[in-house]
There are 2 protein chains.
Amino acid sequence: MTRTMRAKAGSDAPEPRIRARNKERILNAAVTLFADKSFHGTHVKEIALASGLPKTNVYYYFPTKESIYAAVIERLIAGWDRAFEHIVTEREPRDAIAAYIRAKLEYSRRHAAESRFFANEILRGAQFLERRQRQHIRDVTAQRAHVVEEWIRRGQMAPVDPRHFFIMLWSATQFYADFGALAADVLEKRRLTRKDFDAAAETMTRVILDGCCTPSRRSR
Amino acid sequence: MTRTMRAKAGSDAPEPRIRARNKERILNAAVTLFADKSFHGTHVKEIALASGLPKTNVYYYFPTKESIYAAVIERLIAGWDRAFEHIVTEREPRDAIAAYIRAKLEYSRRHAAESRFFANEILRGAQFLERRQRQHIRDVTAQRAHVVEEWIRRGQMAPVDPRHFFIMLWSATQFYADFGALAADVLEKRRLTRKDFDAAAETMTRVILDGCCTPSRRSR
DNA sequence: GTGGAACCTGACACGGGTGTCAGGTTTTCC
DNA sequence: GGAAAACCTGACACCCGTGTCAGGTTCCAC
C-alpha cells in the first residue's frame with residue numbers, strides 16, 4: 001500500500017527505476033496478449049512469462065489482472081490526441097487530411113497491438129473506459145470538429161457532418177491494423193507489407209479528398 | 001454419436017423439430033454473449049440461461065463450447081455474399097455503391113450482435129475461420145472486384161484499387177455497429193438511433209461517391 | 001399402448017486460473 | 001557497513017468453469 005501511494009503521489013520524486021522498468025515490461029507484454037486473446041483469454045501467468053518475470057512479481061506491482069488492463073488503457077488514451085494534431089484551421093483541408101491519413105495509418109501499422117487492443121475494448125462497449133477518459137475523447141473530437149466546420153464555412157470543404165467524417169477517417173485507417181487478417185485475405189497476401197499500407201493510403205486519400213474537398217461541385 | 005450422424009447425414013430427412021428449435025435458441029443466445037464478452041469471457045452456463053435451457057441440455061446438442069462458437073461462425077459466413085449483391089456490372093456504379101452502403105448499414109444496425117461477433121473474430125486474427133471459409137470470402141470479393149475493374153475500364157469510375165476500395169466501404173459501414181460505443185460518444189448521444197445511421201449513410205455516400213464516381217475530373 | 005429413440009437433468013469430478021502469504025534477497029541512503 | 005525500504009519468490013488455498021455420467025422423461029411410429 002505504501003509503495004503505491006509513494007509511486008502515485010510522486011509529484012516531485014520520480015518513480016524508482018526498477019519499478020518503472022518492470023511496470024513497463026509488464027504493460028508491453030500485456031498489451032500484445034490482451035490484443036491477441038482478449039481479457040479473459042489472457043492469463044497472468046502468460047503476461048509474466050512474456051515479460052520475463054515470475055508471476056508473483058507481477059502481482060507485486062499490480063494488485064489484480066484488471067488493474068493491468070486499466071493501466072494499459074491509461075497509457076493508450078494519451079496517444080489519442082496526437083493523431084489529431086494535423087487538423088488545424090491554418091492548414092488547407094486537403095493537406096491536413098492527407099497528412100492525418102498518412103500519420104494514422106503509419107501509427108496503426110507500427111503499433112498494431114495497441115491498435116487492436118483499443119479496438120477490442122471499444123467493440124466490447126468500452127466497459128473499462130472511465131467516465132473522464134470518454135469525456136476526454138469527446139472533448140478532443142469536438143474541438144477538431146470545429147476546425148472542419150470552419151473549413152466548410154470558408155468554402156474550403158464540402159458540407160459534411162464533421163463527426164461522421166472523422167468516424168469515417170478513423171474506421172478506414174484503423175482497419176488495416178485491426179482487421180489485418182481479413183485485409184490480407186482479401187488482398188491475397190500472406191501478410192500486409194508497407195506497400196499495402198501505401199496503396200491503402202493512396203486509395204483513401206484519392207476517394208476522400210476528391211470527394212469532399214472540391215467546394216465548387218455539388219453533384220447531388 | 002448416432003444422433004449427430006443422423007442429423008448431419010440427413011440429406012433427405014429434415015432435422016427433427018425439437019433439435020432444430022433448441023439449437024437455434026442456443027446459437028441465438030450465444031452470438032450475443034460472444035459478441036459482448038468474447039469466447040473466454042462467455043460461460044456455457046450463461047448461454048444456457050439466456051436460451052432458457054439447463055446447461056446439461058446445451059451439452060446434449062453441442063459437445064464443447066468451441067463447437068458452439070464454430071456453429072455461430074458457420075451461420076454468419078452465409079450472410080457474407082448477400083451484401084455484395086448490389087455490385088453488378090449492369091448497374092451504374094453510383095447507384096450500385098449507394099445501394100450497397102445503405103444495405104450494409106441497415107444490416108449491421110439490425111444485426112449488431114452478429115456484426116460485432118464477426119468483427120471480433122477477425123480482430124483476433126480469424127483463428128476460428130476454417131480454410132474453406134476464408135477461401136470463400138476471397139472468392140466472393142475477387143469476383144466483385146472484377147465488376148469494379150470493368151466500371152473503371154469503361155470510364156464510369158475513377159481508377160482506384162478495387163480491393164482497397166471494398167475494404168474502405170466495409171470498414172466505414174461496419175463501424176457504426178461494431179464501435180457503437182465510441183460513435184455514440186463522439187456524436188454526444190446516449191445511443192445511436194436510426195437517424196444517426198441515416199446521417200452516416202449520407203456522409204459516406206457523399207464523400208465516397210463524389211470522390212470516385214465522377215470520371216471527368218482528375219484533380220490530382 | 002408399447003418399445004425404442006430422442007430428449008432432458010442434477011450431481012459431481014477435475015483442472016486450471018487468480019490471488020495470498022511468509023519469508024527470503026537486493027538496493028539505497030545515511 | 002548497517003538498517004530500512006524496496007524488491008522478489010515458491011508453495012499453496014480457493015474458486016469456478018468445463019465437461020461427464022447415470023438415470024430419468026417425453027416423443028413417435030407401428
Side-chain angles (χ1 to χ4, degrees), chain A residues 1-10 12-27 29-30 32-34 36-72 127-128, chain B residues 1-10 12-27 29-30 32-34 36-72 127-128:
Chain A
M1 248 323 155
T2 57
R3 61 179 175 277
T4 308
M5 288 171 68
R6 163 104 142 76
K8 284 226 169 180
D12 47 331
E15 199 166 47
R17 285 159 232 173
I18 298 181
R19 185 177 194 79
R21 170 172 55 82
N22 283 349
K23 284 180 91 170
E24 191 70 11
R25 277 189 191 170
I26 292 167
L27 259 26
T32 308
L33 286 165
F34 283 143
D36 283 348
K37 328 209 296 175
S38 84
F39 179 77
H40 293 283
T42 301
H43 309 313
V44 178
K45 197 179 179 179
E46 297 171 308
I47 298 179
L49 197 71
S51 44
L53 263 36
K55 189 187 65 159
T56 329
N57 202 353
V58 172
Y59 276 108
Y60 174 69
Y61 291 108
F62 296 95
T64 60
K65 184 166 82 166
E66 204 170 310
S67 71
I68 301 178
Y69 195 87
V72 172
Q127 296 162 356
F128 280 85
Chain B
M1 247 326 154
T2 55
R3 62 181 176 275
T4 309
M5 288 170 68
R6 163 104 141 76
K8 284 226 170 180
D12 48 331
E15 198 166 47
R17 285 160 232 173
I18 298 180
R19 187 177 192 80
R21 171 172 54 82
N22 283 349
K23 284 179 90 170
E24 190 71 12
R25 277 188 192 170
I26 293 167
L27 258 27
T32 308
L33 286 165
F34 283 143
D36 283 348
K37 328 209 296 174
S38 87
F39 179 77
H40 292 283
T42 301
H43 309 313
V44 178
K45 197 178 181 179
E46 297 171 307
I47 298 179
L49 197 70
S51 44
L53 262 38
K55 189 188 65 161
T56 329
N57 202 354
V58 172
Y59 275 109
Y60 175 68
Y61 291 108
F62 296 94
T64 61
K65 183 165 83 166
E66 204 170 310
S67 71
I68 302 178
Y69 195 87
V72 172
Q127 296 162 355
F128 279 86

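We name chains A, B, ... by the order of the sequence lines, and we start the count at 1 in each one.
Distances from the side chain of T64(B) to the nucleotides dT18(C), dG19(D), dT27(C) place dG19(D) closest. The side chain of Y59(A) lies closest to dT20(C) when the candidates are dT20(D), dG19(D), dT20(C).
Taking atom OH on Y61(B) and atom P on dG19(D), their separation rounds to 19 Å, with Å as the unit. Atom-to-atom, NE2 of H43(B) to P of dG15(C) comes out at 20 Å; the value is rounded to the nearest Å. We find that CD1 of I47(A) is positioned 11 Å from P of dG19(C), with the value rounded to whole Å. Summarising the geometry, the separation between NZ on K45(A) and C1' on dG16(C) is reported as 9 Å, rounded to the nearest angstrom. Whole-Å rounding puts the K55(A) NZ to dC12(D) P distance at 13 Å. Between the CG atom of N57(B) and the C1' atom of dC21(D) there is a distance of 15 Å, given to the nearest Å. Per the geometry, CD belonging to E66(B) stands 13 Å off C1' belonging to dG19(D), to the nearest Å. Atom CZ of R21(A) is separated from atom C1' of dC8(D) by 12 Å (rounded to the nearest Å).
By the 30° and 60° cut-offs, the orientation of the rings of Y69(B) relative to F128(B) is tilted.
Contact of K65(A) with dG17(C) (side chain to base): no donor-acceptor pair of N or O atoms is detected under 3.5 Å.
Of the side-chain N and O atoms in Y60(B), none sit less than 4.0 angstrom from OP1 or OP2 of dC8(C). Within the 4.0 Å cut-off from OP1 or OP2 of dC7(C), at least one side-chain nitrogen or oxygen of R19(B) is found. Contact annotation: N22(B) side-chain N/O to dC8(C) OP1/OP2 distance is under 4.0 Å.
I47(B) CD1 to F62(B) CZ: the interatomic distance, rounded to the nearest 0.5 Å, is 9.0 Å. Annotation: the span from Y61(A) atom OH to S67(A) atom OG amounts to 13.5 Å, rounded to 0.5 Å.
Exactly one residue among K37(B), K65(B), K55(B) makes a salt bridge (charged side-chain N to carboxylate O under 4.0 Å, His left out) with E46(B). That residue is K37(B). Screening R25(A), R19(A), E24(A) for a side-chain contact (heavy atoms from CB on, under 4.5 Å) involving R21(A) leaves a single residue, R25(A).
Across all strands, T42(B) comes closer than 4.0 Å only to sugar-phosphate atoms, never to a base (heavy-atom distances).
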